[in-house]
Amino acid sequence: MKMATDDWLVNQVAYKIASEIVFSNEPGRTMRKWRLIFGLTQKEVASAMGISSPVLSDYEKGKRRSPGINFVSRFVRSLIDLDLQRGGKVVRKMFEGTMKLQHSVIDMVEFPEPVELARVVEAVAGIPLTLSDEVSGNVYGYTVIDSLAAITELGPYDFVNLFGRNSMRAIVFTNVTSGRSPMVAIRVFPLKPKAVILHGPKSPEAVDGLAKKLSEIERIPLILSTANSVESMIKSLRSLVR
């Protein structure tokens, strides 16, 4: 089962392009570069954005001050939407080297506003296994992963993409037997999530002791989801998005 894979891919592409524009010393030139990469004219992009071609031209030439976040967002979304209307060739090509992430990521969502970790635990019908007093604070997103695919297919560079835009998120591992391998991966990787949720073990006793110990060493709460299925768990998680 794969859910929202296309949405995830599109969001990753949009974030990459927008970040490059925003942090560029010459945002207009960077915008032009991406427009040409997508094979689009100023007229096509301007029309999709609802602005005139001269306005977009002025931004690309640096005649206007740096575009704001909203303008960049509209620009990037217009590039992507126009590409998708043509089959999404450029969007997918950008991620040819990391398409294997699609086999691992079941769902990835960035919250528009911070969400209390306790609400995430409730959404997954979770039982805190360690550090129950630290199941607090906010998270800014979650990633649901097929643990077997992630552990067998992903390298260190790929693993960082599981964290989306920030590491202050809950990482949910599905298809888990005991939880040892996911926690070993968390242990050795430099980025750390706010919490780790396991879906698969039938009871708290079925979760590996080393997994719990690593959770305590890393000070990352380990939570067991008792949701009936991955589908129902994701449905509940998505209900947290306002």
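Worth saying up front: this structure is predicted, and the values here are computed from it rather than measured.
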Report yes if the side chains of [X] and [Y] come closer than 4.5 Å at any heavy-atom pair, otherwise no.
{"X": "V120", "Y": "Y142", "result": "no"}
{"X": "L56", "Y": "M31", "result": "yes"}
{"X": "Y15", "Y": "E110", "result": "no"}
{"X": "M168", "Y": "V139", "result": "no"}

Q: Could you state whether V207 and L131 fall into the same hydrophobic cluster, counting links through intermediate Ile, Leu, Val, Met, Phe, Trp or Tyr residues with side-chain heavy atoms under 4.5 angstrom apart?
A: no

Q. Between I69 and I51, is there a shared hydrophobic cluster once you connect ILVMFWY residues whose side-chain heavy atoms come closer than 4.5 Å?
A.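 Yes, it is one cluster - the side chains of I69 and I51 are joined through contacts under 4.5 Å.
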
Rounded to the nearest 0.5 Å, what separates atom [atom1] in [X] from atom [atom2] in [Y]?
{"X": "K213", "Y": "E218", "atom1": "NZ", "atom2": "CD", "value": "12.5 Å"}
{"X": "M183", "Y": "L214", "atom1": "CE", "atom2": "CG", "value": "5.5 Å"}
{"X": "L222", "Y": "S132", "atom1": "CG", "atom2": "OG", "value": "12.0 Å"}
{"X": "I17", "Y": "T30", "atom1": "CD1", "atom2": "OG1", "value": "11.5 Å"}
{"X": "Q42", "Y": "D58", "atom1": "CD", "atom2": "CG", "value": "9.0 Å"}

Taking [X] for its side chain and [Y] for its backbone only, find out whether a donor-acceptor pair lies under 3.5 Å.
{"X": "R35", "Y": "L40", "result": "yes"}
{"X": "S47", "Y": "K43", "result": "no"}
{"X": "K61", "Y": "G28", "result": "no"}
{"X": "S225", "Y": "L198", "result": "no"}
{"X": "S239", "Y": "S236", "result": "yes"}
{"X": "S57", "Y": "S53", "result": "no"}
{"X": "D83", "Y": "V90", "result": "yes"}
{"X": "H199", "Y": "A227", "result": "yes"}

Please report the shortest heavy-atom distance between [X] and [Y], naming the atom on each side.
{"X": "I220", "Y": "K194", "value": "CG2-O, 4.0 Å"}
{"X": "E216", "Y": "R219", "value": "O-CD, 3.0 Å"}
{"X": "P193", "Y": "I171", "value": "CB-CG1, 3.4 Å"}
{"X": "P201", "Y": "L224", "value": "O-CD1, 3.6 Å"}
{"X": "I21", "Y": "P27", "value": "O-CB, 3.6 Å"}
{"X": "G126", "Y": "I223", "value": "CA-CG2, 3.8 Å"}

**Q.** Audit row: L117, E134, side chain to side chain contact (heavy atoms under 4.5 Å, CB included) steps and yes/no
**A.** CA-CA 10 Å; L117 177 57; E134 298 186 26; over 6 Å; no

Q) Which residues satisfy the side chain to side chain donor-acceptor pair (under 3.5 Å) test with T41, sequence neighbours excluded? A) E44

Q. Got a sec, which residues hit side chain to side chain donor-acceptor pair (under 3.5 Å) with T130, two or more places apart in sequence or on another chain?
A. S215

Q | M233: which of T226, V124, I106, D107 passes side-chain contact (heavy atoms from CB on, under 4.5 Å) | A |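 Filter result, single survivor: V124.
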
Kindly check if the number of other-residue, nucleotide or ligand heavy atoms within 6.0 Å of [atom1] ([X]) is above 12?
{"X": "R29", "atom1": "CZ", "answer": "no"}
{"X": "E122", "atom1": "CD", "answer": "no"}
{"X": "R74", "atom1": "CZ", "answer": "yes"}

Q | Exercise: do R169 and T143 side chains pair donor with acceptor under 3.5 Å | A |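 On atom types as modelled, these side chains qualify, holding a pair under 3.5 Å.
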
Q: With side chain to side chain contact (heavy atoms under 4.5 Å, CB included) as the test, would you mind laying out the steps for F173 and I197 before giving the verdict?
A: CA-CA 6 Å; F173 289 94; I197 300 170; over 6 Å; no

Q.
Quick check: F71 with Y59 (ring centres under 6.0 Å apart)?
A. yes

**Q.** Check against side chain to side chain contact (heavy atoms under 4.5 Å, CB included), V13 and I80
**A.** CA-CA 8 Å; V13 171; I80 292 174; 4.1 Å; yes

Q. Please walk me through it: do W34 and L79 pass side chain to side chain contact (heavy atoms under 4.5 Å, CB included)?
A. CA-CA 8 Å; W34 279 108; L79 296 183; 4.0 Å; yes

